[in-house]
**Student:** 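Dropping a structure here in structure tokens format, bear with me for questions.
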Amino acid sequence: DTEVTQTPKHLVMGMTNKKSLKCEQHMGHRAMYWYKQKAKKPPELMFVYSYEKLSINESVPSRFSPECPNSSLLNLHLHALQPEDSALYLCASSLQTGHSGNTIYFGEGSWLTVV
Amino acid sequence: LAKTTQPISMDSYEGQEVNITCSHNNIATNDYITWYQQFPSQGPRFIIQGYKTKVTNEVASLFIPADRKSSTLSLPRVSLSDTAVYYCLVGGLTGGGNKLTFGTGTQLKVEL
């Protein structure tokens with residue numbers, strides 16, 4: 001079962017709101033990722049967690065705050081976002097990060113609209 | 001990190017074989033090559049992965065020449081439902097982990 005589950009599927013939030021995107025996997029993967037995808041563009045890497053520790057932050061603004069409570073869960077906390085942050089946010093996981101042959105599996109994404 | 005180059009778009013007809021080639025001239029020794037398919041408003045779906053020569057699964061084949069500077073995804077007998085964006089990704093390992101980076105992708109359009 002190669003499944004990464006993301007909730008909510010759709011989220012509309014105001015620029016002063018605080019919300020969170022959630023991601024869950026039960027494949028025993030120890031690496032988890034957040035990507036951002038704008039319309040008609042490829043996904044862009046935001047964060048990588050390896051064994052529940054943040055290992056890569058692609059210079060993402062602090063209004064995006066990732067959290068990995070345990071090996072199965074990954075959250076993305078959102079605060080004071082801008083309309084240009086509206087996008088599809090993709091969570092992904094892989095067995096580990098130490099081998100480029102480890103397949104990365106993606107969830108279906110959370111559509112975020114900032115108004 | 002290895003950069004990939006793919007055609008922006010390709011057109012085909014149902015029942016035909018489609019070959020999408022990806023160039024990755026600076027692929028590293030330890031890099032694997034992975035292809036993903038993405039439909040609108042959905043997450044990328046893993047298709048196939050390989051290191052060298054040929055890999056085949058139930059949906060596609062991946063051909064990698066000896067120098068590994070390119071790869072070709074082969075989709076046999078495509079159907080309308082294969083209309084999607086196809087991404088070729090290479091390696092991505094850094095000291096902090098796997099920075100798998102997407103290129104522009106190839107928009108495949110299949111018609112009747």
Side-chain angles (χ1 to χ4, degrees), chain A residues 2-6 9-10 21 23 25 27 29-59 68 87-113, chain B residues 1-6 8-9 22 24 26-52 55 57 59-60 62 64 68 71 84-107 109:
Chain A
T2 55
E3 188 169 303
V4 176
T5 304
Q6 293 188 240
K9 294 197 183 310
H10 298 274
L21 304 180
C23 175
Q25 57 85 17
M27 297 178 279
H29 289 176
R30 304 308 300 270
M32 296 188 78
Y33 310 76
W34 280 114
Y35 282 79
K36 172 183 177 180
Q37 187 174 25
K38 302 282 279 184
K40 299 191 182 300
K41 297 290 187 182
E44 297 176 354
L45 182 65
M46 300 175 71
F47 302 104
V48 179
Y49 271 83
S50 178
Y51 291 85
E52 295 99 69
K53 295 190 187 308
L54 182 65
S55 61
I56 294 176
N57 177 341
E58 289 287 84
S59 302
C68 191
L88 179 67
Y89 288 84
L90 295 161
C91 174
S93 71
S94 66
L95 191 61
Q96 56 181 315
T97 62
H99 189 290
S100 74
N102 285 321
T103 303
I104 295 180
Y105 296 96
F106 287 83
E108 289 303 308
S110 292
W111 278 102
L112 173 67
T113 302
Chain B
L1 300 175
K3 180 180 177 181
T4 60
T5 302
Q6 305 172 231
I8 296 295
S9 64
C22 179
H24 29 80
N26 59 340
I27 187 169
T29 302
N30 295 331
D31 286 345
Y32 278 70
I33 301 156
T34 310
W35 285 79
Y36 287 85
Q37 175 193 55
Q38 188 176 28
F39 299 111
S41 304
Q42 294 187 21
R45 183 177 74 99
F46 171 80
I47 301 174
I48 198 166
Q49 184 181 71
Y51 182 79
K52 62 180 178 180
V55 180
N57 62 23
V59 298
L62 178 60
I64 305 169
R68 304 197 331 118
S71 60
V85 178
Y86 292 82
Y87 292 101
C88 161
L89 294 91
V90 173
L93 283 182
T94 69
N98 195 338
K99 292 178 65 169
L100 202 59
T101 302
F102 285 79
T104 55
T106 298
Q107 172 66 64
K109 182 179 179 182

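Being a predicted model, the structure only gives us computed values, none of them experimental. Chain letters run A, B, ... following the sequence lines, proteins first, then strands; residues in each count from 1.
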**Student:** Shortest non-hydrogen contact from A:I104 to B:Y36?
**Tutor:**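 Looking at all heavy atoms of both residues, the shortest contact is O-OH, 2.5 Å.
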
**Student:** Within a radius of less than 6.0 Å around NZ of A:K38, do more than 12 heavy atoms belonging to other residues, nucleotides or ligands occur?
**Tutor:** yes

**Student:** For the atom pair CD1 (B:I48) and OG1 (A:T103), what is the distance rounded to the nearest 0.5 Å?
**Tutor:**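 Going from the CD1 atom of B:I48 to the OG1 atom of A:T103 covers 10.5 Å.
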
**Student:** Examine distances only and state if a side-chain atom of A:Y105 and a backbone atom of B:R45 form a donor-acceptor pair shorter than 3.5 Å.
**Tutor:** no

**Student:** Are any of the side-chain heavy atoms of B:S41 and A:L88 separated by less than 4.5 Å?
**Tutor:**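 No, their side chains stay 4.5 Å or more apart.
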
**Student:** So for A:E58, is it side chain, backbone, both, or neither that comes closer than 4.5 Å to the heavy atoms of chain B?
**Tutor:**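 For A:E58, the contact with chain B is made by the side chain alone.
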
**Student:** Restricting to non-hydrogen atoms, name the atom on A:P42 and the atom on B:T104 that form the minimum distance, rounded to 0.1 Å.
**Tutor:** CG-CA, 4.4 Å

**Student:** Within a radius of less than 6.0 Å around CD of A:E44, do more than 12 heavy atoms belonging to other residues, nucleotides or ligands occur?
**Tutor:** no

**Student:** Quick check on A:Q37 against chain B: is it the side chain, the backbone, both or neither that has a heavy atom closer than 4.5 Å?
**Tutor:**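 Only the side chain of A:Q37 comes within 4.5 Å of chain B.
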
**Student:** What residue in B:G105, B:G50, B:P40, B:P44 has the most heavy-atom pairs under 4.5 Å with chain A?
**Tutor:**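 Of the options given, most contacts go to B:P44.
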
**Student:** Where on B:Q107 is there a heavy atom nearer than 4.5 Å to chain A: the side chain, the backbone, both, or neither?
**Tutor:** neither

**Student:** With a 4.5 Å heavy-atom cut-off, do B:Y87 and A:P43 have their side chains touching?
**Tutor:** yes

**Student:** In this structure, is the centre-to-centre distance between the rings of A:F106 and B:F102 below 6.0 Å?
**Tutor:** yes

**Student:** Below 4.5 Å from any heavy atom of chain B, which atoms of A:K41 appear? Answer side chain, backbone, both or neither.
**Tutor:** backbone

